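Scope of the values below: all heavy atoms of this structure, side chains included, with no hydrogens, waters or symmetry mates. From a predicted model like this one, the values you see are computed outputs, not experimental measurements. As the structure lists them, so they are numbered: ligands from 1, and atoms in each ligand from 1.
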Amino acid sequence: KHQFGEVSFDRYLRYDEINAYLHRVVEKFPYLARIETMGKSYEGRNINAVHVSYSISALSVIVIIGGVHAREWASPACALYIIHHLIEESSEVDGFLMRFDWIILPLTNPDGYEYAHTKQPMWRMSRSRQNGGCYGVDLNRNFNFKWGRSGSSHHPCENTYRGETPFSENESKIIGTLLMSLKENCSFFVDIHSFGSFILFPWAYTNKHISRYKLLKQIGVTGASAIFHATGAQFEAGIPPDVLYAASGGSIDYAMGKAKIPCAITIELRGAGPTGFHPPPGEIEDIIHEGWIGIKAMIAKNHLVLN
Ligand code: ING
Ligand code: ZN
């Protein structure tokens, strides 16, 4: 089997295995990385991030999160792939990327992820108990910016349920708190989802174009071209209402609208397999590699347009 340092991508790791890897890797490279436990999920699981720091004078922080939606199994894998490269393959990392600090949180929704692995593979939401006897909130509809507008449901039993109140869920609140603690010290936020081969940027809640639309589109197109040149896969860059559907209360709108982070992107990785959400193990590596290619290219482009 194909081993990548302390981790492998020939199958989907479970919650415990993901945390075990994070602990192994920071133990092996204590001068490069540390674990930051951001809080607990509804069912009491730790939500861990890895903070990677190559130097004492970083340009800014790049935040990457994965596993917001339970069934999107390639997403945490892609975040782990990035952690692996930044820490275990640091001699191969472009010097430019080493000028940033990185906060990578691979599994935002551990309760949902474990539920999808053991009970219902198509589960999307968190696992908190709701009115009407239903479970879970769509964490990407629960952020406190333009919450409750188009593309989110107020029915506790629907798949895009926005929650009773903004940040009713600890899992989304943790991400919000992190972004608000960084504000302009964070230059780039990525929320990894799957699937559909899209690069999405704000606004998601409205089809009105944000003032920085042209720059964000350039950054997205740069990511899509980098992927196309590397692997031939075709990604489309745009705002969710134009290329997919409108959706309010999402992480990228919060990152730019509330936390004032200059660039926030959702990458929808390529799908595969019967559902799209659970690519066959043999395809994981190609799919997450593709994502990392696009993310790296967008970070470089974002730096150019900011400076
Ligand atoms: N897609 C995203 C969703 O939450 C999205 C699309 C991206 C919406 C960014 C809002 C903001 O519906 C998936 N696959 O989850
Ligand atoms: Zn998703």
Side-chain angles (χ1 to χ4, degrees), residues 63-79 105-110 112-113 115-116 121-126 136-153 158-163 166 169 171-172 175-176 179 189-210 213 216-217 219-220 223 235-259 261 263-273 275-279 287-288 291 294-295 298:
V63 175
I64 302 179
I65 69 168
V68 165
H69 288 138
R71 64 191 174 190
E72 299 171 13
W73 292 356
S75 161
C78 185
L105 193 156
L107 190 51
T108 306
N109 177 14
Y113 186 74
Y115 190 77
M122 288 300 280
W123 192 259
R124 168 177 168 95
M125 298 183 286
S126 64
V137 165
D138 185 341
L139 298 175
N140 211 28
R141 303 290 182 276
N142 190 240
F143 283 73
N144 190 14
F145 180 78
K146 307 289 179 187
W147 177 85
R149 315 258 285 238
S150 54
S152 74
S153 172
E158 283 180 6
N159 230 359
T160 56
Y161 180 46
R162 62 174 76 119
E169 306 301 288
E171 294 86 352
S172 47
I175 305 300
L179 296 175
F189 169 69
V190 187
D191 183 357
I192 306 169
H193 285 252
S194 86
F195 65 99
S197 307
F198 291 108
I199 289 165
L200 305 168
F201 51 88
W203 303 120
Y205 81 96
T206 176
N207 58 15
K208 234 186 82 194
H209 283 185
I210 197 170
Y213 176 87
L216 293 169
K217 173 98 177 189
I219 292 166
F235 278 62
E236 186 182 357
I239 63 172
D242 288 352
V243 302
L244 207 48
Y245 45 72
S248 58
S251 66
I252 57 171
D253 282 10
Y254 182 88
M256 288 195 70
K258 268 280 209 321
I261 288 158
C263 181
I265 299 277
T266 289
I267 181 163
E268 297 272 3
L269 301 173
R270 176 158 53 88
T275 67
F277 293 107
H278 319 102
I287 288 171
I288 62 186
I295 291 169
M298 291 190 282

Novice: Should you measure from each heavy atom of Arg141, which atoms of ligand 1 turn up under 4.0 Å away?
Specialist: 3 (C), 4 (O), 12 (O)
Novice: Nearest protein heavy-atom contact for atom 5 (C) of ligand 1: which residue, which atom, what distance?
Specialist: Asn140 ND2, 4.0 Å
Novice: As an exercise, state the distance from CD1 of Ile175 to OG of Ser251, rounded to the nearest 0.5 Å.
Specialist: 8.0 Å
Novice: Among protein heavy atoms, which lies nearest atom 7 (C) of ligand 1, and at what distance?
Specialist: Leu200 CD1, 3.7 Å
Novice: Is there a donor in the side chain of Asn159 and an acceptor in the side chain of His69, or the other way round, less than 3.5 Å apart?
Specialist: no
Novice: Just give me the atom name: the N, O or S atom of His193 closest to the Zn ion (ligand 2).
Specialist: ND1
Novice: Identify, by atom number and element, the atoms of ligand 1 in contact range of Ser194, meaning under 4.0 Å from any of its heavy atoms.
Specialist: 14 (N)
Novice: Considering heavy atoms of the protein only, find what lies nearest to atom 2 (C) of ligand 1 and give residue, atom and distance to 0.1 Å.
Specialist: Glu268 OE2, 3.3 Å
Novice: Quick one: CD1 on Ile287 to CG on Leu269, what's the gap to the nearest 0.5 Å?
Specialist: 7.5 Å
Novice: Keeping the roles fixed (side chain from Asn142, backbone from Pro166), state whether a donor-acceptor pair exists under 3.5 Å.
Specialist: no
Novice: Could you tell me whether the side chain of Ser75 and the main chain of Ser194 form a donor-acceptor pair under 3.5 Å?
Specialist: no
Novice: Under 4.0 angstrom from ligand 1, any heavy atom of Ser251?
Specialist: no
Novice: Identify, by name, the N, O or S atom of His69 lying closest to the Zn ion (ligand 2).
Specialist: ND1
Novice: Ignoring angles and geometry beyond distance, decide whether Tyr245 reaches within less than 3.5 Å of ligand 1 through its nitrogen or oxygen atoms.
Specialist: yes
Novice: Students should be able to answer this: which protein heavy-atom is nearest to atom 11 (C) of ligand 1, and at what distance?
Specialist: Ala204 CB, 3.5 Å
Novice: Hey, which atoms in ligand 1 end up nearer than 4.0 Å to a heavy atom of Glu72?
Specialist: 13 (C), 14 (N), 15 (O)
Novice: In a check of side-chain contact (heavy atoms from CB on, under 4.5 Å) between Asn140 and each of Thr160, Val68, Thr108, which one passes?
Specialist: Val68
Novice: Will you find, in the side chains of Glu171 and Ser126, an N or O donor that is under 3.5 Å from an N or O acceptor?
Specialist: no
Novice: Using a heavy-atom cut-off of under 4.0 Å, does the side chain or the backbone of Thr160 touch ligand 1, or both, or neither?
Specialist: neither
Novice: So, Trp147 side chain and Arg149 main chain: donor-acceptor pair closer than 3.5 Å or not?
Specialist: no
Novice: Supply the atom-to-atom distance Ile199 CD1 to Ile295 CD1, rounded to the nearest 0.5 angstrom.
Specialist: 8.5 Å
Novice: Among protein heavy atoms, which lies nearest atom 15 (O) of ligand 1, and at what distance?
Specialist: His69 ND1, 3.0 Å
Novice: Is it possible for you to check whether Arg71 lies under 6.0 Å from the centre of the six-membered ring of Phe277, through NZ or CZ, and within 45° of that ring's axis?
Specialist: yes
Novice: Any N/O/S atom from Glu268 (main chain or side chain) under 2.8 Å of the Zn ion (ligand 2)?
Specialist: no
Novice: Please work out which of Ala247, Gly151, Ser75 has its closest non-hydrogen atom nearest to atom 8 (C) of ligand 1.
Specialist: Ala247
